[in-house]
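Written below as structure tokens is the structure these notes are about.
Letters A, B, ... mirror the listed sequences (proteins, then strands); counts begin at 1.
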Amino acid sequence: MGFVATNPTRYNLTVPRPLSNSALERLGRRLVATDRPEQSDVEGLHVLLSAYSPVLASAVDAVARDIGVVSASRIKNTGTILEKLRRNGGHTLSSIQDLAGLRVVVDGGRAEQDRVVERLTATFLSAARAPRIVDRRARPVQGYRAVHVIVYPDAFRSRSRFERAGSTSGLSGLSAWPTSTGEASAMASRRSRGATPPSKLCVGCSGWQIRSQIQRSRGPRRRSASSRFSCSIR
Amino acid sequence: MAHFLLIYDRKAGKLLRQQEFETDVAALDARFAAETEYGVQENIEIVAISAASEEELMKSHGRYFLTSEQLGRRLAAA
């Protein structure tokens, strides 16, 4: 069964929704129940990730059309997903916001970076939910400096992240998963119970800071002290 | 647009495989197949990335291609 984006003329999407949130939660728990996940569960994860592919491609097209930048994009790799699930006790597959992301590298200073962020925000302003911005340039975490733009395409939630690119002193964007821009932290907790799978669109970051992660408390409703959301650019 | 499969040994800091595909779907399928081949290993990173070109890929995801020293110099110059 599939569903059609509420604004198909803009995003032209008919995206299958492969798993319910409860099914995502169960899959997430199974994936990290043992050191080596069952192949059937890995394949289940692949089905989920494949669903993000057209969303990501659409986001890349939208950014290219509206901003004139061809971004690099990726679906989050399985190893990193499992690492993140293990840090969260295997309960948050549906809350991972950067399953898809794109990265835009902008040559220029902060003013130019800010301009790109504004344009990216405008690009996704008509989506189901307004984009959100988390500026890690002002408040770096573990040396990580970037601007994340979390966007919410109609069909999926997604997050976009802008990060500074290493030697180019510009923004790089990585994203394309279901909707969101901005900081990892906030997103995770809230969307975890949404009706659609998580996704995120990211823009901008230093290439060599890719290993850096953002880790923040999930807020007052967190399940336990160890229940934290972390964001990785990988 | 170019679509790449990269297999990277995080512990060794070495790119084990780089392969280009015609479509993002083909690259993603190749990634999934590689995950079956390698299994899920902590030190092996298997990614499918789309970029405008190989040059742009190296610009946006330099960590797969550069040494830590080169990455350090890149950051210092930023």
Margin query: At a heavy-atom distance under 4.5 Å, which candidate from B:Leu66, B:Leu28, B:Val25, B:Ile44 has the highest pair count against chain A?
Written below: B:Leu28
Taking the side chain as C-beta and beyond, is there a heavy-atom pair between [X] and [Y] under 4.5 Å?
X	Y	result
B:Ser50	A:Val60	no
A:Val70	B:Met1	yes
A:Gln39	B:Thr36	yes
B:Phe32	A:Leu49	yes
B:Ile46	A:Thr78	no

For the residue pair [X] and [Y], what are the closest heavy atoms and their distance?
X	Y	result
A:Arg36	B:Gly39	NH2-CA, 4.4 Å
B:Arg31	A:Ile75	NH1-O, 3.1 Å
A:Gly79	B:Val40	CA-CG1, 4.4 Å
B:Glu42	A:Glu83	O-OE2, 4.3 Å

Item checked: B:Ala52 portion near chain A, given a 4.5 angstrom heavy-atom threshold -> both
Next item on the list: With a 4.5 angstrom heavy-atom cut-off, could you sort out which part of B:Glu35 is near chain A: side chain, backbone, both or neither?
Entry: side chain
So with a 6.0 Å cut-off around [atom1] of [X], is the heavy-atom count from everything else above 12?
X	atom1	answer
B:Gln41	CD	yes
B:Glu37	CD	yes
A:Asp35	CG	no

Check: Going from NE2 on B:His3 to OG on A:Ser73, what distance comes out if it is rounded to the nearest 0.5 angstrom?
Finding: 8.0 Å
Notebook entry, point to check: Contact part of A:Leu82 toward chain B, heavy-atom cut-off under 4.5 Å: side chain, backbone, both or neither?
Noted result: side chain
